[in-house]
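Everything below concerns the one structure shown next.
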Amino acid sequence: MEQNQFNQTISQGASPAAQAAGQPVAPAAHTAPAGGQHYTQGNPAARPGQAVIPPYGYAPGAYPYPGGQYPPYPPVYGKKAKKKLPTGIIVFICILAAAVVFGFGVLVHSVLTASRSDESEKGQNPSSEIEQYDSLNDNALKPGVDSGNNDLEIELDGEAGKEMSTSQIAQSSRNSVLGISVYSTSGILEGEASGVVAGTDSKKTKSYIITCAHVVDDEEKNYVYKIVDAAGKEYLAAVVGYDASRDIGVLSVEKVGFDAVRFADSSTLQAGETVVAVGNPGGSEFFGSVTQGVVSATDRMLSFNSQNIKCIQHDAAINPGSSGGALYNRYGQVVGINYSKIAMDDYEGMNFAVPSNTVVERANKIIAESLKTRGAKLGIEYYVAASYFDENYKQLIITSIDEKSDLNGKAAEGDFIIAVGGKKITDKYSIIEIINEKSPGDTITLTIAHKNEKTEKYDTKDVKVKLVEK
């Protein structure tokens, strides 16, 4: 997106969280956490339009008999003399009542004492409470921990096969595109999102779920992630890793039996091709929602939350909760992971997905290295200048340098960056694409032009700069 004003309108589908998320998502939440997640906050159990219907029974002003009438009572013809009970019987009844009251008091005291004793034991031995989280307990509120030894290698599917109808794609995705619920450790649903099954490890003990990084990037909050299948059953999941520079994250779950998706080569995708989006807009309540559209463009650079990602633009409707869902081609192959949309009154059908080639490359790196990164940056702010040194190229004018940037002392505000790695800059994304291929700590070479105050001319020099983490 070229305009800065658009940056504030992107709604990401985890949200976590997001959603949490969407968390915008609503994460694109997720209906989502987050960040900037796409999560939709609030109580997921409360739904608009729901009325509370009182249970059957009596209510003030209501009568148990038809017509609102009380039942008839027999007439009273006169008064009868009351008979007095013998004194011995009265004394016996009083003693019996006192015994019952005393016995009830002893029972209540015993129950309260046992309860306090039980609570005391729990406080002295917290491990008894933690053990319940070791299994895939639906009520587990402790984050899952990935066991490591991740060895899945995802490959692109070269065989397109036969064309599939939208209905066939929808049916085939039921066990491949899952839901993701993001909880706080206190049990509050923070957001919801989507994810696709990438495959299982070599031992067939766990499955890997690919989603968006903004759904699972939880370093600031201790979230609990669960995978939701088509039957609504939840399985405790663990974060394997994420790369926020591409907005790709991976979860693992100790459950097999899902169907892995097939990833197509997104470089062959063309504008105008039919695509089908499958995900959970609004969360698991709308599990497996299917929308259809066309590819609008294949290489849009989208800027959001200080990240710049090259995306597929399409008009298949996505909403908060769709983050991490699949974008299929007409052969039932995944060509992208839905990421965000432009949400403004004057815009419609501008939705974005991370290309499958990027997804596969990043997911493989995340799984192999348990990678967790928000990406690399120079640590500067700049704007694109009109051609100054060469009319065929552009330059970047540095407006500020962060104190943590390695460029401190090597360049100054007002200097031009005219080349990166010896290649002249052709547009404002030239440097972004190069940095996106790097990691924090990597070094790149910038060609800097600095104005000489004595000669009023610009001197150029090559500067090696170490990238920092976002």
Side-chain angles (χ1 to χ4, degrees), residues 10-19 21-32 34 37-40 166 169-170 173 176-180 191-198 209-216 242 246-250 261 263-264 266 269 273-284 286-298 300 302 304 307 309-329 332-343 348-360 362-363:
I10 303 300
S11 176
Q12 290 188 329
S15 56
Q19 316 272 90
Q23 166 263 350
V25 223
H30 23 83
T31 40
Q37 305 301 317
H38 303 235
Y39 297 115
T40 296
T166 303
I169 293 173
S173 68
S176 300
V177 182
L178 307 176
I180 298 174
E192 296 184 87
S194 307
V196 302
V197 180
I209 314 298
I210 296 177
T211 184
C212 289
H214 69 257
V215 175
V216 300
Y242 54 82
R246 308 301 199 289
D247 205 9
I248 295 299
V250 180
V261 299
F263 288 98
S266 56
L269 197 63
E273 286 191 36
T274 299
V275 286
V276 175
V278 180
N280 309 307
S284 56
F286 302 99
F287 185 97
S289 292
V290 180
T291 56
Q292 180 173 293
V294 297
V295 174
S296 303
T298 60
R300 297 293 196 212
L302 195 65
F304 180 76
Q307 304 292 356
I309 304 173
K310 184 171 285 188
C311 296
I312 298 167
Q313 180 188 338
H314 64 88
D315 68 350
I318 61 173
N319 290 284
S322 296
S323 285
L327 186 69
Y328 288 95
N329 62 14
Q333 300 168 304
V334 173
V335 294
I337 295 297
N338 286 315
Y339 159 62
S340 63
K341 65 184 293 185
I342 294 180
E348 184 176 349
M350 296 188 69
N351 309 311
F352 302 89
V354 181
S356 54
N357 286 21
T358 301
V359 173
V360 169
R362 287 290 96 184

Checking [X] side chain against [Y] main chain: does a donor-acceptor pair fall under 3.5 Å?
{"X": "K310", "Y": "L302", "value": "no"}
{"X": "N319", "Y": "P281", "value": "no"}
{"X": "S194", "Y": "G279", "value": "no"}

**OP:** Begin from the C-alpha positions of V250 and Y242 and carry the test side-chain contact (heavy atoms from CB on, under 4.5 Å) through to its verdict.
**Re:** CA-CA 6 Å; V250 180; Y242 54 82; over 6 Å; no
Original post:
With side chains defined as the heavy atoms from C-beta onward, is the minimum distance between N280 and F286 less than 4.5 Å?
Top reply: no
Subject >> Check: Y328 and V275 side chains under 4.5 Å, non-hydrogen atoms >> reply: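 When only atoms from C-beta onward are counted, Y328 and V275 do not touch, as no gap falls below 4.5 Å.
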Nearest heavy-atom neighbours spanning [X] and [Y]:
{"X": "F287", "Y": "V177", "result": "CZ-O, 3.4 Å"}
{"X": "A316", "Y": "G293", "result": "CB-N, 3.7 Å"}
{"X": "G249", "Y": "V216", "result": "CA-CG2, 3.9 Å"}
{"X": "S340", "Y": "I318", "result": "O-CD1, 3.3 Å"}

With rounding to the nearest 0.5 angstrom, report the [atom1] to [atom2] distance, [X] to [Y].
{"X": "I309", "Y": "D247", "atom1": "CD1", "atom2": "CG", "result": "5.0 Å"}
{"X": "I210", "Y": "L178", "atom1": "CD1", "atom2": "CG", "result": "12.0 Å"}
{"X": "S322", "Y": "K341", "atom1": "OG", "atom2": "NZ", "result": "8.0 Å"}
{"X": "I337", "Y": "C311", "atom1": "CD1", "atom2": "SG", "result": "12.0 Å"}
{"X": "S356", "Y": "L269", "atom1": "OG", "atom2": "CG", "result": "8.0 Å"}

Excluding sequence neighbours, so at least two apart, what forms side chain to side chain donor-acceptor pair (under 3.5 Å) with [X]?
{"X": "E348", "value": "none"}
{"X": "D315", "value": "none"}
{"X": "S284", "value": "E192"}

Original post:
Pick from T291, N338, T298: which one makes a side chain to side chain donor-acceptor pair (under 3.5 Å) with H314?
Top reply: N338
Please list, chain by chain and in numerical order, all residues satisfying side chain to side chain contact (heavy atoms under 4.5 Å, CB included) with [X], sequence neighbours excluded.
{"X": "T358", "value": "R246, V354, P355, R362"}
{"X": "T166", "value": "V276, V290, Q292"}
{"X": "A264", "value": "N329, Q333, V335"}

Subject >> Criterion side-chain contact (heavy atoms from CB on, under 4.5 Å) on I312 and V295, from CA distance to verdict >> reply: CA-CA 7 Å; I312 298 167; V295 174; 4.1 Å; yes
